[in-house]
Amino acid sequence: MKFPQIRELLTGKQAGKKIVLRGWVARKRSSKKIAFLTIRDSTGRIQVSIVRENNEENYNIADKVGYESAVIIEGLLSEDARAPGGFEIKASKIEIIGPSENFPISKDQSQEFLLDVRHLALRSERLTAMLKINSSVFEALHVYFREEGYTEVQPPMFTTAGSEGGSTLFELKYFDKLVYLSQSWQLYAENFIYALEKAYTIAPSFRAEKSKTARHVTEYWHAEVEATWMDFEGLLELMENVISAICKNVAKKNAHELKVLNRDPKELLKIKPPFPRITYAEALDLLKKQEIDIPYGADLGGREERAIGKLFDKPVIVTRYPREIMAFYKKVDPENPKVCLNANLLAPDVGEIIDGSERESDMQKILESLEHEGLDPKDYDFYLDTRRYGSVPHSGFGMGVARVVMWLCGFDTIKDAIAFPRTMTRVKP
RNA sequence: GCCGGCAUAGCUCAGCGGUAGAGCUCUCGGCUGUUAACCGAGUGGCCACAGGUUCAAAUCCUGUUGCCGGCGCCA
């Protein structure tokens with residue numbers, strides 16, 4: 001037997017035909033003569049009506065069925081202007097496959113409660129839409145990188161040194177040693193490219209940051225890319241092209257989901273290169289005009305990033321941050337030793353979603369920077385081999401995928417952009 | 001780590017010294033094709049925990065725990 005999905009039914013191509021639908025009860029209303037069920041599946045929602053006088057037995061099933069019960073509905077698919085979506089199933093049979101206990105999620109919900117029952121909240125239209133958009137983002141990344149000749153690799157998650165300094169590493173017992181969970185593939189990336197030239201990974205990163213902001217979680221999926229011979233200009237173009245490819249794919253694959261989230265696919269299709277590019281110094285000037293005074297040398301915070309983002313109708317790339325606040329592997333600008341050849345891509349309302357740079361290829365300068373950050377070069381010995389044996393110019397970046405999803409979905413917190421978000425205070429469900 | 005806030009029914013909240021409340025969910029009944037319908041009734045509480053003040057504490061005070069928001073840090 002063929003079971004059509006709801007999105008297919010709502011096209012109306014099978015109107016007038018008898019169909020069999022599998023789904024879950026999302027909503028229910030009844031009066032003396034007629035009962036309505038709203039049935040959902042992974043593709044949408046459709047109304048089912050059942051008239052009592054025709055079918056007392058099945059009317060009673062509909063009248064009593066609990067929210068989120070799994071059901072199989074047989075009936076006639078009919079065009080009906082009174083039904084949301086324009087079509088409804090006039091049911092002849094309702095079979096309960098999996099009855100439902102009193103479903104805890106109802107009309108009034110706090111964010112905290114929804115996170116407590118996140119495993120059930122995933123069934124909502126909103127989070128289902130997010131999961132599908134998220135999948136399209138991953139798809140776009142894989143397709144783009146592979147088409148551009150990048151090889152996908154898998155770095156280890158157990159590590160012995162951090163790439164961003166030690167304070168935000170999760171410590172972990174590893175037999176009789178202490179190790180850390182990976183916070184970036186960086187130290188491995190720069191080794192992979194000597195074999196592959198162009199490499200990428202999409203893997204979890206773990207950060208023990210005690211952050212309680214709308215855009216921080218302790219575990220997130222990190223899309224990272226690294227390539228030999230790529231200069232700074234090439235890096236900026238890569239950022240633009242990746243973001244553009246993601247927007248295009250989501251607009252193409254997720255028209256329904258974007259509509260559920262009140263987002264316009266046409267707006268996404270406008271996100272094409274070139275993006276506005278400004279330097280850190282120019283960013284400070286723009287902020288000053290908005291009466292936000294940041295001393296030179298301070299990193300841009302969430303408030304600053306959002307204020308800059310508002311000035312442009314596309315993501316904006318901010319380049320050349322002060323050297324003091326940059327990680328040791330970032331290349332210093334040969335034309336201005338005070339700044340690095342780095343770039344942050346800021347998305348409207350979200351802030352930083354990509355952090356990248358040309359990498360320092362000179363061994364001596366790397367050692368100086370390590371020392372400056374108080375890191376022990378011995379911990380980075382295998383990494384330093386990248387500079388000992390045939391060092392070449394190279395660049396790369398890391399993207400917080402959940403931040404991209406947050407931006408595309410128009411969410412005001414990253415927690416909604418991840419199926420089971422982990423924060424400082426929440427590790428379940 | 002710093003600042004601010006919250007904790008009362010399954011959920012969302014009101015009550016702020018004097019008998020524990022409402023709406024929703026759920027159960028039962030009613031009901032013109034309803035759109036998270038509507039009408040009526042019922043079930044449902046160690047008022048986070050531990051001390052203190054008071055004739056009397058959900059309410060005031062102290063501490064503890066849990067959570068939320070903002071900053072910093074970052075993707």
Side-chain angles (χ1 to χ4, degrees), chain A residues 25-38 40 45-52 62-64 66-68 78 80-86 88 90 100-117 120-121 124-125 162-165 167-168 183-186 202-224 239 298-305 321 325-327 343-347 350-356 397-407 412-415 417-418 423-426:
Chain A
V25 176
R27 209 82 71 210
K28 145 183 109 162
R29 298 166 291 279
S30 68
S31 64
K32 191 177 186 179
K33 295 183 175 171
I34 186 166
F36 300 94
L37 299 177
T38 302
R40 65 162 191 89
R45 296 176 172 223
I46 191 167
Q47 176 163 291
V48 171
S49 67
I50 181 147
V51 177
R52 189 177 199 167
D63 192 39
K64 295 282 183 289
Y67 288 123
E68 285 302 320
S78 314
D80 195 318
R82 294 169 296 187
E88 73 172 21
K90 301 198 186 301
S100 187
E101 295 175 21
N102 189 1
F103 196 66
I105 299 176
S106 62
K107 182 176 160 186
D108 293 314
Q109 312 146 350
S110 64
Q111 194 200 31
E112 187 185 344
F113 177 70
L114 288 177
L115 286 167
D116 287 341
V117 292
L120 301 174
S124 68
E125 274 189 298
S163 57
E164 314 284 341
S167 62
T168 62
Q183 56 180 194
S184 164
W185 79 326
Q186 193 60 39
I202 307 179
S205 279
F206 305 92
R207 305 246 170 134
E209 290 161 356
K210 292 183 174 171
S211 303
K212 298 207 279 184
T213 77
R215 22 176 238 297
H216 282 88
V217 282
T218 53
E219 173 187 307
Y220 66 95
W221 283 73
H222 207 171
E224 296 177 280
M239 288 183 182
D299 207 349
L300 304 180
R303 184 180 62 130
E304 291 80 52
E305 289 178 353
Y321 283 54
I325 54 173
M326 291 290 106
N344 283 359
L345 187 138
L346 312 182
V350 173
E352 183 175 348
I353 58 176
I354 293 180
D355 173 25
F397 70 72
M399 168 192 287
V401 182
R403 286 191 180 173
V404 174
V405 173
M406 173 186 170
W407 166 50
D412 56 13
T413 169
I414 195 168
K415 290 179 202 170
I418 297 175
T423 64
M424 202 167 58
T425 52
R426 184 179 291 280

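Every chain is numbered from 1 and lettered A, B, ... according to where its sequence line falls, protein lines coming before strand lines.
Residue Lys33(A) has its side chain nearest to G33(B) when only C74(B), G33(B), G69(B) are considered. You'll find that the side chain of Arg426(A) is closest to C68(B), out of C24(B), C68(B), G33(B). Distance from the side chain of Ser110(A) is smallest to U12(B) among U12(B), A36(B), A75(B). Nearest nucleotide to the side chain of Thr213(A), out of U12(B), G33(B), C71(B): C71(B). When each of G33(B), C73(B), A36(B) is scored by its nearest atom to the side-chain atoms of Glu209(A), the top-ranked nucleotide is C73(B). Comparing atom distances between the Asp80(A) side chain and each of G1(B), G33(B), A75(B) picks out G33(B) as nearest. Closest contact between the side chain of Lys210(A) and the listed nucleotides A37(B), G1(B), C68(B) involves G1(B). Considering only side-chain atoms of Arg29(A), the nucleotide from A75(B), U32(B), A37(B) that sits closest is A37(B). The side chain of Ser49(A) has G33(B) as its nearest neighbour among G33(B), G69(B), C74(B).
Using a 4.5 Å heavy-atom threshold, the side chains of Ile105(A) and Val117(A) count as touching. A heavy-atom distance below 4.5 Å is found between the side chains of Lys212(A) and Met424(A).
Both distances falling under 3.5 Å, in either a Watson-Crick or a G-U wobble arrangement, place C55(B) opposite G18(B). G23(B) and C11(B) make up a base pair, with Watson-Crick or G-U wobble contacts both under 3.5 Å. Base-pair partner of G40(B): C28(B) (Watson-Crick or G-U wobble, both distances under 3.5 Å). Pair assignment for U34(B): none, as no Watson-Crick or G-U wobble contacts are both less than 3.5 Å. In this structure, G69(B) and C3(B) make a Watson-Crick or G-U wobble pair, each of the two defining distances being under 3.5 angstrom. Across all strands shown, A75(B) forms no Watson-Crick or G-U wobble pair with both distances under 3.5 Å. Nucleotide A50(B): paired with U62(B) (Watson-Crick or G-U wobble, both distances less than 3.5 Å).
Counting any heavy atom pair closer than 4.0 Å across all strands shown, Glu219(A) reaches no nucleic acid atom. Across all strands shown, Glu112(A) has heavy atoms under 4.0 Å from sugar-phosphate atoms exclusively, and none from any base. Residue contacts for His216(A): at a heavy-atom cut-off of 4.0 Å it reaches a base atom on one of the strands shown. Within the nucleic acid shown, Ala35(A) has no heavy atom closer than 4.0 Å to any nucleic acid atom. Among the heavy atoms of the strands lying under 4.0 Å from Tyr220(A) is at least one base atom, whether or not backbone atoms are also near. When heavy atoms are screened at a 4.0 angstrom cut-off, Lys90(A) is found touching base atoms of the nucleic acid. Within the nucleic acid shown, Gly351(A) has no heavy atom closer than 4.0 Å to any nucleic acid atom. In this structure, Val217(A) reaches the bases: a heavy-atom distance under 4.0 Å links it to at least one base atom across the strands shown.
No donor-acceptor contact under 3.5 angstrom links the side chains of Tyr220(A) and Arg403(A), judged on distance only. Remark: the Ser49(A) side chain and the Glu88(A) side chain contain an N/O donor-acceptor pair separated by less than 3.5 Å. Under the 3.5 Å distance criterion, with hydrogens and angles disregarded, a donor-acceptor pair is assigned to the side chains of Gln183(A) and Thr168(A).
When the C1' atom of C73(B) is taken as reference, atom CD of Glu305(A) falls 11 Å away, rounded to whole Å. Taking atom CD1 of residue Ile414(A) and atom C1' of nucleotide G69(B), one finds them 16 Å apart after rounding to whole Å. Rounded to a whole Å, the CD atom of Gln111(A) is 5 Å from the P atom of G69(B). One can place CZ of Phe113(A) at 15 Å from P of U25(B), the figure rounded to the nearest angstrom. Nucleotide G66(B) holds its P atom 11 Å from the CE atom of Met424(A), rounded to whole Å. The separation between Tyr321(A) atom OH and A75(B) atom P is 10 Å, rounded to whole Å. In this structure, the CG atom of Asn344(A) is 12 Å from the P atom of C73(B), given to the nearest Å. With rounding to whole Å, Lys107(A) atom NZ is found 10 Å from A37(B) atom C1'.
A gap of 10 Å separates the C1' atoms of U65(B) and A50(B), to the nearest Å. Comparing U62(B) with U54(B), their C1' atoms are spaced 16 Å from each other, to the whole Å. U8(B) and C67(B) have their C1' atoms separated by 16 Å, with the value rounded to a whole Å. Rounded to whole Å, the separation between the C1' atoms of A9(B) and U27(B) comes to 16 Å. Taking atom P on both G15(B) and C28(B), the two are 34 Å apart, rounded to the nearest angstrom. With both ends at atom P, the span from G45(B) to G29(B) equals 23 Å, rounded to whole Å.
Within the structure, every side-chain polar atom (N or O) of Arg82(A) is placed at least 4.0 Å from both OP1 and OP2 of U34(B). Put simply, Gln183(A) has no side-chain N or O that comes within less than 4.0 Å of OP1 or OP2 on C74(B).
A donor-acceptor contact under 3.5 Å is not formed by the side chain of Lys212(A) with the base of G1(B). You'll find a donor-acceptor pair under 3.5 Å spanning the side chain of Gln47(A) and the base of U34(B), going by distance alone. Applying the 3.5 Å distance criterion, the base of C74(B) shares a donor-acceptor pair with the side chain of Arg403(A).
Aromatic stacking is not marked for Phe36(A) over G33(B), as the cut-offs of 5.5 Å for the centres and 30° for the planes do not both hold.
Between Leu345(A) and Ile105(A), the residue anchored nearer the 5' end of RNA chain B, judged by the nucleotide with its closest heavy atom, is Ile105(A). Take the nearest nucleotide of RNA chain B for Asp299(A) and for Thr425(A): the residue whose nucleotide is more 5' is Thr425(A).
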Identify each atom pair where a protein N or O and an N or O of nucleotides 42-48 of chain B are less than 3.5 Å apart, giving names and distance.
none

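At least one donor-acceptor pair under 3.5 Å links the side chain of Thr413(A) to the backbone N or O of Lys415(A).
Between Lys28(A) and Asp63(A) no salt bridge is recorded (no basic side-chain N to carboxylate O distance below 4.0 Å). Salt bridge Arg45(A)/Glu125(A): present, at least one basic N to carboxylate O contact under 4.0 Å. Salt bridge present: Glu68(A) and Arg40(A) bring a charged side-chain N and a carboxylate O closer than 4.0 Å.
Across Trp221(A) and Ile202(A), no two heavy atoms sit closer than the pair CZ3-O, 3.5 Å.
For the salt bridge (Lys or Arg N to Asp or Glu O under 4.0 Å) test, no residue two or more places apart in sequence or in another chain qualifies with Glu305(A).
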Nucleotide by nucleotide, nucleotides 26-31 of chain B touches protein heavy atoms under 4.0 Å in the pattern (B base, S sugar-phosphate only, - none) S----B
